[in-house]
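In what follows, a single structure is set out as C-alpha coordinates and then discussed.
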Protein chains: 2
Amino acid sequence: MKHLIHTLNKAFDNRVRLGVMAVLMANEAVSFNDLKEALDLTDGNLASHVSALEKAGYVLVNKQFVGKKPNTTYQATKEGKSAFQDHLTALEKLLRGSP
Amino acid sequence: MKHLIHTLNKAFDNRVRLGVMAVLMANEAVSFNDLKEALDLTDGNLASHVSALEKAGYVLVNKQFVGKKPNTTYQATKEGKSAFQDHLTALEKLLRGSP
DNA sequence: TCTACTAGCTTTGCATCACAAAGTGCTCTG
DNA sequence: CAGAGCACTTTGTGATGCAAAGCTAGTAGA
(Lines give C-alpha, C1' and ligand atoms only; values in the text may rest on other atoms or scores of the structure.)
Protein backbone atom coordinates (compact mmCIF):
# COMPACT_ATOMS: atom_id res chain seq x y z
CA MET A 1 0.00 0.00 0.00
CA LYS A 2 1.68 3.10 -1.25
CA HIS A 3 1.66 5.95 1.15
CA LEU A 4 1.81 9.63 0.35
CA ILE A 5 5.26 9.91 1.80
CA HIS A 6 6.57 7.94 -1.12
CA THR A 7 5.27 10.52 -3.54
CA LEU A 8 7.28 13.32 -2.00
CA ASN A 9 9.89 14.58 -4.37
CA LYS A 10 13.32 13.56 -3.24
CA ALA A 11 14.83 16.65 -4.79
CA PHE A 12 13.01 18.77 -2.23
CA ASP A 13 13.31 16.67 0.88
CA ASN A 14 15.98 18.88 2.30
CA ARG A 15 15.59 22.10 4.20
CA VAL A 16 18.08 24.05 2.13
CA ARG A 17 16.47 23.10 -1.14
CA LEU A 18 13.08 23.90 0.27
CA GLY A 19 14.39 27.32 1.17
CA VAL A 20 15.96 27.87 -2.21
CA MET A 21 12.76 26.96 -4.00
CA ALA A 22 10.66 29.06 -1.68
CA VAL A 23 12.82 32.07 -2.43
CA LEU A 24 12.75 31.38 -6.14
CA MET A 25 8.99 31.02 -6.12
CA ALA A 26 8.66 34.42 -4.52
CA ASN A 27 11.23 36.19 -6.66
CA GLU A 28 11.78 35.94 -10.37
CA ALA A 29 15.57 35.98 -10.30
CA VAL A 30 17.94 35.87 -7.37
CA SER A 31 21.70 36.24 -7.38
CA PHE A 32 24.10 33.82 -5.77
CA ASN A 33 25.04 36.19 -3.03
CA ASP A 34 21.51 37.25 -2.27
CA LEU A 35 20.46 33.64 -1.95
CA LYS A 36 23.45 32.89 0.18
CA GLU A 37 22.65 35.73 2.54
CA ALA A 38 18.94 35.14 2.51
CA LEU A 39 19.39 31.56 3.57
CA ASP A 40 22.53 32.05 5.62
CA LEU A 41 24.58 29.35 3.99
CA THR A 42 28.22 28.91 3.16
CA ASP A 43 28.92 29.34 -0.51
CA GLY A 44 29.97 25.78 -1.05
CA ASN A 45 26.88 24.50 0.62
CA LEU A 46 24.61 26.67 -1.43
CA ALA A 47 26.44 25.85 -4.65
CA SER A 48 26.01 22.14 -4.17
CA HIS A 49 22.31 22.34 -3.45
CA VAL A 50 21.65 24.71 -6.30
CA SER A 51 23.56 22.51 -8.69
CA ALA A 52 21.49 19.56 -7.55
CA LEU A 53 18.34 21.51 -8.34
CA GLU A 54 19.83 22.54 -11.63
CA LYS A 55 20.64 18.96 -12.52
CA ALA A 56 17.06 18.07 -11.75
CA GLY A 57 15.96 20.73 -14.20
CA TYR A 58 14.25 22.76 -11.52
CA VAL A 59 16.34 25.90 -11.61
CA LEU A 60 17.87 27.88 -14.39
CA VAL A 61 21.33 29.35 -14.05
CA ASN A 62 22.12 32.63 -15.68
CA LYS A 63 25.74 33.75 -15.78
CA GLN A 64 26.41 37.28 -16.88
CA PHE A 65 28.36 40.41 -16.09
CA VAL A 66 26.83 43.34 -14.32
CA GLY A 67 29.12 46.24 -15.00
CA LYS A 68 32.51 44.62 -14.62
CA LYS A 69 31.51 42.05 -12.06
CA PRO A 70 30.41 38.51 -12.69
CA ASN A 71 26.91 37.89 -11.54
CA THR A 72 25.10 34.59 -11.49
CA THR A 73 21.37 34.57 -11.02
CA TYR A 74 18.96 31.73 -10.56
CA GLN A 75 15.35 31.29 -11.32
CA ALA A 76 12.91 28.44 -11.04
CA THR A 77 11.97 26.75 -14.28
CA LYS A 78 8.37 26.05 -15.14
CA GLU A 79 9.02 22.42 -14.29
CA GLY A 80 10.58 23.44 -11.03
CA LYS A 81 7.62 25.53 -10.05
CA SER A 82 5.07 22.88 -10.81
CA ALA A 83 7.13 20.11 -9.23
CA PHE A 84 7.47 22.24 -6.16
CA GLN A 85 3.76 22.91 -6.09
CA ASP A 86 3.07 19.21 -6.39
CA HIS A 87 5.44 18.56 -3.56
CA LEU A 88 3.69 21.13 -1.41
CA THR A 89 0.25 19.78 -2.03
CA ALA A 90 1.48 16.27 -1.29
CA LEU A 91 3.00 17.58 1.91
CA GLU A 92 -0.21 19.25 2.88
CA LYS A 93 -2.28 16.22 2.18
CA LEU A 94 0.09 14.15 4.25
CA LEU A 95 0.01 16.57 7.12
CA ARG A 96 -3.70 17.20 7.15
CA GLY A 97 -4.03 13.48 7.70
CA SER A 98 -6.58 13.05 4.92
CA PRO A 99 -5.65 10.14 2.71
CA MET B 1 21.04 36.58 9.28
CA LYS B 2 19.18 33.58 10.55
CA HIS B 3 16.70 32.16 8.12
CA LEU B 4 13.60 30.21 8.92
CA ILE B 5 15.09 27.07 7.49
CA HIS B 6 17.44 26.93 10.43
CA THR B 7 14.54 26.75 12.83
CA LEU B 8 13.16 23.59 11.28
CA ASN B 9 13.41 20.72 13.67
CA LYS B 10 16.02 18.26 12.54
CA ALA B 11 14.11 15.42 14.10
CA PHE B 12 11.37 15.92 11.54
CA ASP B 13 13.37 16.66 8.43
CA ASN B 14 12.76 13.24 7.00
CA ARG B 15 9.77 11.97 5.10
CA VAL B 16 9.33 8.86 7.19
CA ARG B 17 9.37 10.74 10.45
CA LEU B 18 6.97 13.27 9.02
CA GLY B 19 4.66 10.44 8.14
CA VAL B 20 4.96 8.82 11.53
CA MET B 21 4.15 12.04 13.29
CA ALA B 22 1.28 12.81 10.96
CA VAL B 23 -0.25 9.44 11.72
CA LEU B 24 0.31 9.86 15.43
CA MET B 25 -1.27 13.29 15.39
CA ALA B 26 -4.38 11.88 13.78
CA ASN B 27 -4.63 8.76 15.93
CA GLU B 28 -4.15 8.45 19.63
CA ALA B 29 -2.29 5.15 19.59
CA VAL B 30 -0.99 3.13 16.68
CA SER B 31 0.56 -0.30 16.70
CA PHE B 32 3.84 -1.20 15.12
CA ASN B 33 2.28 -3.21 12.37
CA ASP B 34 -0.39 -0.68 11.60
CA LEU B 35 2.20 2.02 11.28
CA LYS B 36 4.35 -0.20 9.16
CA GLU B 37 1.51 -0.93 6.79
CA ALA B 38 0.16 2.57 6.80
CA LEU B 39 3.50 3.95 5.75
CA ASP B 40 4.63 0.99 3.70
CA LEU B 41 7.99 0.54 5.36
CA THR B 42 10.16 -2.40 6.21
CA ASP B 43 10.13 -3.18 9.88
CA GLY B 44 13.76 -2.33 10.42
CA ASN B 45 13.33 0.97 8.75
CA LEU B 46 10.31 1.88 10.80
CA ALA B 47 11.93 0.71 14.01
CA SER B 48 14.94 2.93 13.52
CA HIS B 49 12.91 6.03 12.77
CA VAL B 50 10.54 5.46 15.63
CA SER B 51 13.37 4.91 18.03
CA ALA B 52 14.89 8.17 16.88
CA LEU B 53 11.65 9.94 17.65
CA GLU B 54 11.48 8.16 20.96
CA LYS B 55 15.00 9.24 21.86
CA ALA B 56 13.96 12.78 21.06
CA GLY B 57 11.11 12.41 23.50
CA TYR B 58 8.49 12.89 20.83
CA VAL B 59 6.83 9.51 20.91
CA LEU B 60 5.86 7.22 23.71
CA VAL B 61 6.31 3.49 23.39
CA ASN B 62 3.84 1.18 25.00
CA LYS B 63 4.69 -2.50 25.12
CA GLN B 64 1.97 -4.85 26.20
CA PHE B 65 0.28 -8.10 25.44
CA VAL B 66 -3.00 -8.24 23.64
CA GLY B 67 -4.35 -11.67 24.39
CA LYS B 68 -1.21 -13.72 24.06
CA LYS B 69 0.50 -11.66 21.43
CA PRO B 70 3.02 -8.95 22.03
CA ASN B 71 1.76 -5.62 20.86
CA THR B 72 3.67 -2.39 20.81
CA THR B 73 1.82 0.83 20.34
CA TYR B 74 3.09 4.32 19.87
CA GLN B 75 1.67 7.68 20.62
CA ALA B 76 2.92 11.21 20.33
CA THR B 77 3.91 12.87 23.56
CA LYS B 78 2.73 16.36 24.41
CA GLU B 79 6.20 17.58 23.55
CA GLY B 80 6.10 15.70 20.31
CA LYS B 81 2.81 17.23 19.32
CA SER B 82 3.82 20.76 20.08
CA ALA B 83 7.25 20.36 18.51
CA PHE B 84 5.59 18.99 15.42
CA GLN B 85 3.14 21.85 15.35
CA ASP B 86 6.00 24.31 15.65
CA HIS B 87 7.73 22.57 12.82
CA LEU B 88 4.65 22.79 10.67
CA THR B 89 4.07 26.45 11.28
CA ALA B 90 7.72 27.16 10.55
CA LEU B 91 7.35 25.18 7.35
CA GLU B 92 4.28 27.09 6.37
CA LYS B 93 5.85 30.42 7.06
CA LEU B 94 8.82 29.40 5.00
CA LEU B 95 6.70 28.24 2.12
CA ARG B 96 4.27 31.10 2.09
CA GLY B 97 7.28 33.32 1.68
CA SER B 98 6.17 35.71 4.37
CA PRO B 99 9.01 36.44 6.75
C1' DT C 1 53.59 44.50 -12.79
C1' DC C 2 52.72 42.88 -8.23
C1' DT C 3 49.27 42.31 -4.97
C1' DA C 4 44.86 42.01 -3.14
C1' DC C 5 40.07 41.24 -3.73
C1' DT C 6 35.50 39.54 -5.31
C1' DA C 7 32.29 36.08 -7.28
C1' DG C 8 31.33 31.62 -7.80
C1' DC C 9 32.42 27.41 -7.71
C1' DT C 10 34.90 22.58 -6.87
C1' DT C 11 37.25 19.53 -3.89
C1' DT C 12 38.09 17.21 0.30
C1' DG C 13 37.03 14.98 4.36
C1' DC C 14 34.21 13.64 7.89
C1' DA C 15 30.10 12.45 10.07
C1' DT C 16 25.55 11.25 9.61
C1' DC C 17 21.74 8.93 7.47
C1' DA C 18 18.49 5.91 4.83
C1' DC C 19 17.42 1.66 3.66
C1' DA C 20 17.17 -3.30 2.81
C1' DA C 21 18.17 -7.66 4.25
C1' DA C 22 19.38 -10.79 7.52
C1' DG C 23 19.54 -12.23 12.21
C1' DT C 24 17.62 -12.51 17.16
C1' DG C 25 14.57 -13.83 21.00
C1' DC C 26 10.21 -14.57 22.39
C1' DT C 27 5.68 -16.86 22.23
C1' DC C 28 1.94 -19.25 20.32
C1' DT C 29 -0.09 -22.81 17.16
C1' DG C 30 -0.42 -27.16 14.90
C1' DC D 1 9.17 -30.20 17.42
C1' DA D 2 8.41 -27.07 13.15
C1' DG D 3 6.75 -23.00 11.72
C1' DA D 4 5.02 -18.49 12.03
C1' DG D 5 4.30 -13.78 13.91
C1' DC D 6 5.94 -9.72 16.54
C1' DA D 7 9.27 -6.34 17.34
C1' DC D 8 13.38 -5.36 17.09
C1' DT D 9 18.75 -5.18 16.32
C1' DT D 10 22.61 -5.70 13.46
C1' DT D 11 25.08 -5.23 9.35
C1' DG D 12 26.47 -3.32 5.18
C1' DT D 13 26.29 -0.14 1.53
C1' DG D 14 25.67 3.86 -0.57
C1' DA D 15 23.93 8.61 -0.46
C1' DT D 16 23.88 13.09 2.02
C1' DG D 17 25.05 17.34 4.62
C1' DC D 18 28.22 20.37 5.79
C1' DA D 19 32.30 23.24 6.62
C1' DA D 20 36.60 24.56 5.22
C1' DA D 21 39.97 25.01 2.00
C1' DG D 22 41.34 25.51 -2.60
C1' DC D 23 40.80 27.23 -7.21
C1' DT D 24 39.87 30.28 -11.33
C1' DA D 25 38.89 34.33 -13.82
C1' DG D 26 38.42 38.84 -13.83
C1' DT D 27 39.09 43.61 -11.59
C1' DA D 28 41.23 47.38 -8.99
C1' DG D 29 44.85 49.70 -6.81
C1' DA D 30 49.83 51.05 -6.11
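Proteins get letters first, then strands, A, B, ... in listed order; numbering begins at 1 in each.
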Partners passing side chain to side chain donor-acceptor pair (under 3.5 Å) against B:D13 (at least two apart in sequence or in another chain): none

Side chain to side chain contact (heavy atoms under 4.5 Å, CB included) against B:T77, all qualifying residues, sequence neighbours excluded: B:L60, B:E79

Nucleic acid contacts - residues 11-18 of chain B versus DNA chain D, non-hydrogen atoms under 4.0 Å: none

5' to 3' contact window, DNA chain C with chain B (heavy-atom distance under 4.0 Å): C:dA18 to C:dC28

All side chain to side chain donor-acceptor pair (under 3.5 Å) counterparts of B:D34, not counting sequence neighbours: B:S31

Where protein sits on nucleotides 7-12 of chain D, one letter per nucleotide: B base, S sugar-phosphate only, - none, heavy atoms under 4.0 Å: BBB---

Partner set under salt bridge (charged side-chain N to carboxylate O under 4.0 Å, His left out) for B:K81, not counting sequence neighbours: B:E28

Residues that A:S48 engages under side chain to side chain contact (heavy atoms under 4.5 Å, CB included), provided they are two or more places apart: A:N45

For B:T42, all residues meeting side chain to side chain donor-acceptor pair (under 3.5 Å), sequence neighbours excluded: none

Taking every non-hydrogen atom, the tightest pair across A:Y74 and A:V50: CE2-CG1, 3.3 Å

Qualifying ring pair (Phe, Tyr, Trp, His ring centres under 6.0 Å) pairs, either residue in residues 22-52 of chain B, two or more places apart: none

Protein-nucleotide distance (A:L39, atom CG; D:dC18, atom P), rounded to Å: 12 Å

d(CG, B:L46; C1', D:dC6) in whole Å: 12 Å

With sequence neighbours excluded, residues passing side chain to side chain contact (heavy atoms under 4.5 Å, CB included) with B:K63: B:V61, B:T72

Which residues share a side chain to side chain contact (heavy atoms under 4.5 Å, CB included) with B:N9, sequence neighbours left out: B:A11, B:F12, B:Y58, B:A83, B:H87

Separation of D:dG17 C1' from B:K10 NZ (nearest whole Å): 7 Å

